[in-house]
**Student:** 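Structure in structure tokens, see below.
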There are 2 protein chains.
Amino acid sequence: MHQASGHNHRRCIAAALHSADRLCAGSGTRMTALRRKVLAYVWRGHDAVKAYDILARLGGDAHLAKPPTVYRTLQFLRAQGLVHRLESLNAFVGCPQPGKPHEGQFLICSRCGLVREIHEPAIADAVAEGATAAGFRVERQMVEVQGLCAKCR
Amino acid sequence: MHQASGHNHRRCIAAALHSADRLCAGSGTRMTALRRKVLAYVWRGHDAVKAYDILARLGGDAHLAKPPTVYRTLQFLRAQGLVHRLESLNAFVGCPQPGKPHEGQFLICSRCGLVREIHEPAIADAVAEGATAAGFRVERQMVEVQGLCAKCR
DNA sequence: GTCAGCAATGTTATAATATAGCGAGAGTTC
DNA sequence: GAACTCTCGCTATATTATAACATTGCTGAC
């Protein structure tokens, strides 16, 4: 697990849970105990989490959860914009700015696992332009960058 | 399978196999019958191919190939730059311009499956700039766009 | 040619990721 | 409380991928 130092991470978790309450209240959905637990675990650090790690974590509570439980919950959280899926890792990461629809780009440190989400209109625009020039109508952009974070360089 | 109409697809396959011979000759590696077969199958159309579809295809020759055979062969072809992996599909696609190292971007039609590889420096540059601004050192860019191709719009 | 060395492929087993489909429980509405 | 719906549990299975070791077969030195 990566825990960016220099900040009180409990605040990150609390903020994520608070956003979740707010978003669910707004969308008429329920932020249940299970969803809260999964979201909190996704936010245990600033790196990506594997579905089966979440599963093991829930199982550790003597509940012995099954895969569908985890995948359904992740799907719900993704639908709310609370969690993103990193396609290049088959893993999940909490969204630091949920609620605002966005085309995020992900910077993934190959050494420490840190995942940083950025929102550069210049990137989204360049992708949109390139696709349009090729006759494509864009539905979804996936931009993931592997590299070294500032600390690991 | 997607077969872009309006072109003689056998030429695409022949070109890919020819590039493969050239690259292998240049790198001191061997373009074996198995690798040729897999590459030709990847190029059966302009859409992405699943590893287990290749497997089934090889198995159909009464050889009953096993997964490692296919994954090893794909890994070789990727190392030569002949094939790319699409992370968002867990699938593989032939590179239309192998040999030249490049940061490709992929446009994936969600209706017909067509995969088009483009090379827009503007995209790669924007990504590099965004990452650098965030303190990241880029090792690899993954840009995949889901959308509708010109024909399917 | 033949043999040593190494690249390529085969084989067995298993790990890791993900979904289908159906049923039970729990909160909500009327 | 009856009907409804959202949530969660559960069984089973599909899909994707790799580890580890055995065998085959090409290639180059001699």
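Just so you know, these numbers use all the heavy atoms, side chains as well, and skip hydrogens, waters and symmetry mates. Order of the sequence lines sets the chain letters (A, B, ...), proteins ahead of strands, with each chain counted from 1.
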**Student:** I'd like to check, for Tyr71(A), whether its ring lies over the base of dT19(C) with centroids under 5.5 Å apart and a plane angle smaller than 30°.
**Tutor:** no
**Student:** For Tyr41(B), give me all partners under ring-ring contact (aromatic ring centres under 6.0 Å, His included), at least two apart in sequence or on another chain.
**Tutor:** none
**Student:** I'd like a list of close polar pairs between nucleotides 21-30 of chain C and the protein, N/O only, cut-off under 3.5 Å.
**Tutor:**
none

**Student:** Whole angstrom is fine here: how far is it from NZ in Lys66(B) over to P in dA13(C)?
**Tutor:** 11 Å
**Student:** How many Å lie between CZ on Arg36(B) and P on dT9(C), as a whole number?
**Tutor:** 12 Å
**Student:** From dT7(D), dA18(C), dA17(D), pick the nucleotide closest to the side chain of Pro67(A)?
**Tutor:** dA18(C)
**Student:** For dT11(C), does OP1 or OP2 lie under 4.0 Å from any side-chain N or O of Thr69(B)?
**Tutor:** no
**Student:** Which pairs pass salt bridge (Lys or Arg N to Asp or Glu O under 4.0 Å) with one or both residues in residues 104-124 of chain B, sequence neighbours excluded?
**Tutor:** none
**Student:** For the CG atom of Leu86(A) and the CG atom of Asp47(A), what is their distance to the nearest 0.5 Å?
**Tutor:** 10.0 Å
**Student:** Between Lys50(A) and dT17(C), is there a contact of a side-chain N or O with OP1 or OP2 at under 4.0 Å?
**Tutor:** yes
**Student:** Please tell me which of the listed nucleotides, dA18(C), dT17(C), dA8(C), lies nearest to the side chain of Thr32(B)?
**Tutor:** dA8(C)
**Student:** Whole angstroms only, please: what is the CG-P distance between Leu34(B) and dT24(D)?
**Tutor:** 17 Å
**Student:** Does the Ser110(A) side chain pair with the main chain of Gln146(A), one donor and one acceptor, at a distance under 3.5 Å?
**Tutor:** no
**Student:** Which one, dG9(D), dT16(D), dT7(D), comes nearest to the side chain of Asn90(B)?
**Tutor:** dT16(D)
**Student:** What is the distance, to the nearest angstrom, from the CG atom on Leu77(B) to the P atom on dA8(C)?
**Tutor:** 12 Å
**Student:** Hey, is the side chain of Arg85(A) poking within less than 4.0 Å of OP1 or OP2 on dA18(C), counting only N and O atoms?
**Tutor:** yes
**Student:** Please report the distance, rounded to the nearest Å, between CG in Leu55(A) and C1' in dA18(C).
**Tutor:** 12 Å
**Student:** Got a sec, which pairs hit salt bridge (Lys or Arg N to Asp or Glu O under 4.0 Å) with one end in residues 132-148 of chain A, sequence neighbours left out?
**Tutor:** Glu87(A)-Arg140(A)
**Student:** Calculate the interatomic distance between Phe76(B) atom CZ and dG10(C) atom P; express it in whole Å.
**Tutor:** 15 Å
**Student:** Does the structure show Tyr52(B) stacking with dT15(D), if we require the centres to be closer than 5.5 Å and the planes to be within less than 30 degrees of parallel?
**Tutor:** no
**Student:** So which pairs with a foot in residues 26-36 of chain A pass salt bridge (Lys or Arg N to Asp or Glu O under 4.0 Å), sequence neighbours left out?
**Tutor:** Asp21(A)-Arg36(A)
**Student:** In whole angstrom, what separates Gln75(B)'s CD from dA19(D)'s C1'?
**Tutor:** 13 Å
**Student:** dA18(C) P sits how many Å from Glu87(B) CD, rounded?
**Tutor:** 12 Å
**Student:** Just to verify, what does Asn90(B) make a side chain to side chain donor-acceptor pair (under 3.5 Å) with, not counting sequence neighbours?
**Tutor:** Arg85(B)
